[in-house]
Amino acid sequence: MSSSSTHERTRTGMSKTALKQDFLDNLFYIQGRFREVATPHDLYMAAAFTTRDRLLKRWVNSAQVFKTSHARTVCYLSAEYLLGPHLACNLVNLGITDTARQAGAELGLNFDAIVEEEEEPGLGNGGLGRLAACFMESLSTCQVPAIGYGIRYEFGIFDQAIEDGWQVEKTDNWLRNGNPWEIPRPKICFPVGYGGHTESYRDEHGQMRLRWQPAFMINGMAYDTPILGYGTENVNLLRLWKAEASESFNFQAFNTGDYYGAVYSKIEAETISKVLYPNDEPEIGKELRLKQQYFFVSCSMQDMIRLHLNTVGPLESFAEKFVVQLNDTHPALAVVELMRLLLDDHGLNWEQAWDITRHTFCYTNHTLLPEALETWSVALFERLLPRHLDLIYEINRRFLDEVRMRFLGDEARVWRMSLIAEGGERRVRMANLAVVGSQAVNGVAELHSALVKATLFKDFAELWPERFHNVTNGVTPRRFMVVANPRLSRLITQTCGHDAWIRDLERLRELETHQDDAGLHADWRAVKLAAKQDLATWMQQATGIHLDPASLFDVQAKRFHEYKRQHLNILHIIRCYQRIKQGESQNLVPRAFIFGGKAAPGYFMAKLMIKLINAVAEVVNNDPQVNGWMRVAFLPNFNVKNGQRLYPAADLSEQISLAGKEASGTGNMKFSMNGALTIGTLDGANVEIREAVGAENFFLFGLTAEAALQQQLTGYRPWEYYQSDIELKSDIDLINSGLFSHGDTQLFRPLTDNLVNHDPFMVLADYRAYLECQQTVSAAYQDPERWTRMSLLNVARIGRFSSDRAIREYAEHIWKVTPNPIEAA
Ligand SMILES: *Cc1c(COP(=O)(O)O)cnc(C)c1O
């Protein structure tokens with residue numbers, strides 16, 4: 001055998017010997033280290049490169065096949081990807097976790113410590129970015145050819161530290177030590193313009209045309225990360241754009257002797273992909289944010305056109321080759337950018353260009369909260385993207401004519417549906433743009449999709465009922481079960497006698513036949529207890545707080561927001577505290593109340609909720625009278641990696657948003673997959689989770705969306721609840737007494753005053769029902785057999801909430817794509 005083929009096997013072989021050899025080679029040739037002097041980071045890098053070598057082979061193979069087969073390709077456009085650590089998931093998807101662990105052991109390495117070394121790319125805020133990451137993994141697993149497009153932020157979501165009980169934000173310098181998963185593509189680079197003006201000119205055929213003369217240009221350069229599916233050879237591509245100064249501009253500045261100007265323009269250009277905006281909810285009209293959106297959308301659309309011209313050819317068939325999914329409205333400018341490219345750069349006429357554009361895009365709505373709907377001022381648009389504003393006006397003019405024809409004389413409707421909000425400062429409505437420019441619009445859970453049609457897009461649903469769909473979200477079981485919870489995964493595989501459930505999650509239902517198996521119950525409890533022990537160990541070290549693994553782990557982990565109602569949870573904790581202090585502990589079970597989550601840096605109320613949790617924790621955890629009954633702990637820096645510690649250890653999952661406010665939620669699915677029971681409202685996907693697992697295996701409380709809305713319309717008076725419920729009053733008064741704030745009676749006033757006087761998310765209205773429901777939780781937990789059975793049935797019936805199912809629904813109903821399996825090369 002020739003030496004080159006031996007080398008080939010070393011880099012791509014799946015045997016323990018090949019892995020060991022390649023690991024040592026990578027340690028030496030890439031990190032420049034011997035085993036003896038390697039740092040933990042060197043070892044991680046060598047492991048990552050060894051894994052990447054195996055991915056690259058599959059990737060090149062997939063790319064070749066897709067290119068020659070002209071496969072219809074899904075392009076997922078998302079401003080955020082909350083990826084989580086890559087190494088462990090890639091090993092699982094390659095099917096070599098055990099081999100790698102053994103290879104490590106034979107080299108004298110601690111496999112778990114190497115995995116733990118990885119710092120995650122935090123290129124997203126929360127649910128929306130995590131959804132994009134789950135979808136990328138499931139697209140590959142389901143063998144759908146896809147490209148994910150986004151921004152390679154130099155600084156992702158901030159790291160959260162807790163100081164004196166307050167959230168403190170630290171910059172996330174995730175690229176500091178290098179990123180072994182990405183491959184820079186300096187030749188895949190596109191110019192992006194900003195500012196300037198439009199002008200008309202006569203083209204070579206004598207036609208009058210318009211063109212945009214931007215005031216300045218930057219470049220977007222591609223960085224590619226391969227995304228492997230589970231148990232398949234298919235690898236898709238995540239292509240993230242980094243902003244760079246355009247060389248021609250630098251060159252010009254040099255010629256005019258403006259050296260510092262040239263350097264400055266480079267810095268200014270690079271700020272565009274510098275930092276992720278940390279607000280996932282209230283929309284802030286920041287110019288840089290609009291620049292970011294246009295930047296990645298323009299690069300992505302130019303890249304698709306390049307790919308199309310290189311493979312298929314004529315742009316008339318663009319919408320047959322590509323379907324573009326808009327993850328919320330952040331990439332909605334893509335609609336206008338494709339129009340501009342087709343009209344101005346490729347010479348198509350309006351009807352051709354609009355026909356292609358309309359058939360290319362699909363849009364997912366993620367929120368109904370009015371404060372979270374994106375609008376941009378027309379003045380800002382005019383200054384930054386004058387050509388796009390012209391195109392929006394023309395799209396709008398034609399669209400509103402259509403509305404007027406359909407609904408004669410209904411000018412109020414025309415106003416509501418316009419892409420431009422009039423009255424006051426004129427603004428571009430990105431959601432309306434996304435709907436008008438898409439062939440399909442979907443919500444992310446049944447309730448949410450119904451509300452989308454009934455409220456936010458009522459007029460649009462009347463005009464185009466066939467465009468509206470529902471695709472309930474899902475999460476990938478590879479990361480959130482196999483990687484996060486190896487003990488449970490092993491037990492499931494053992495019980496079912498196969499591991500086919502990992503790719504076909506509905507097969508978890510086979511667990512139902514074992515629902516009364518006492519041996520399995522004991523094993524099930526042992527698995528949960530071990531996960532709780534792991535979390536307790538980690539928490540002790542991270543926060544100094546001791547958690548008793550025998551207590552009920554009651555967990556709420558998600559972004560901090562008033563609509564998610566962490567303060568409802570705190571009121572229950574304070575109630576438990578008071579009951580124990582008053583000697584009424586008979587119906588309680590010992591509980592550990594665990595929180596995790598970040599607050600947007602400018603969201604005062606959310607930050608105050610974090611402070612309140614830590615303030616209550618300080619009192620509760622230091623009071624020996626209540627200590628045996630309850631602990632309160634805040635897990636700092638909730639991210640994907642820390643989430644993976646939390647989900648397996650939870651007994652109870654808190655999903656307590658006001659009904660009608662959470663679009664879907666995906667944390668709810670992750671908890672349930674790991675055997676936690678849910679206490680929740682009829683909101684988002686909770687509704688469907690409850691239907692799936694059975695009402696008797698779900699702790700339901702609270703107003704329905706309809707009742708909540710009704711009460712808001714007829715006048716909601718929170719102070720009446722405060723006055724009439726003495727326990728509620730006493731809990732709120734205790735906060736105001738200064739007990740939790742070293743005598744400061746004012747600290748939490750903004751929060752308590754808001755609850756008593758405004759309470760926009762109806763915490764007080766749901767308080768009593770929540771307390772009562774928590775009592776049924778405690779009672780159920782006191783019956784371990786019953787609890788275990790409920791936990792087991794939650795896992796057995798959660799299969800629907802795999803992101804594989806969501807992707808198959810998109811593929812069939814929205815994208816019209818079929819799987820394209822890749823054969824091993
Ligand atoms: C799943 C996930 C979320 C979303 O949680 P919800 O409870 O659905 O809001 C947010 N952040 C991280 C890190 C996640 O993994």
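In what follows, every heavy atom counts, from backbone to side chain, and hydrogens, waters and symmetry copies are set aside. As the structure lists them, so they are numbered: ligands from 1, and atoms in each ligand from 1.
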task = Using side chain to side chain donor-acceptor pair (under 3.5 Å) as the criterion, list what pairs up with Y770, not counting sequence neighbours.
result = E654, Q774
ask   = Quick one: are the ring centres of F135 and Y810 less than 6.0 Å apart?
value = yes
With the criterion set at N/O pairs under 3.5 Å, what does the list of contacts between the protein and ligand 1 look like, atom names and distances included?
residue: ligand 1; atom: 7 (O); partner: K558; partner atom: NZ; Å: 2.7
residue: ligand 1; atom: 8 (O); partner: T666; partner atom: N; Å: 2.8
residue: ligand 1; atom: 8 (O); partner: G667; partner atom: N; Å: 3.0
residue: ligand 1; atom: 9 (O); partner: K564; partner atom: NZ; Å: 2.8
residue: ligand 1; atom: 15 (O); partner: K670; partner atom: NZ; Å: 2.6

request  = Could you walk me through whether T476 and E137 pass the side-chain hydrogen bond (donor to acceptor under 3.5 Å, both in side chains) test, one step at a time?
outcome  = CA-CA 7 Å; T476 168; E137 200 264 359; 2.9 Å; yes
key: By ring pair (Phe, Tyr, Trp, His ring centres under 6.0 Å) - contacts of F671 (at least two apart)   = Y647
ask   = Can you name the ring pair (Phe, Tyr, Trp, His ring centres under 6.0 Å) partners of F560, sequence neighbours left out?
value = F634
Output field: ring centroids Y603/H561 closer than 6.0 Å = yes
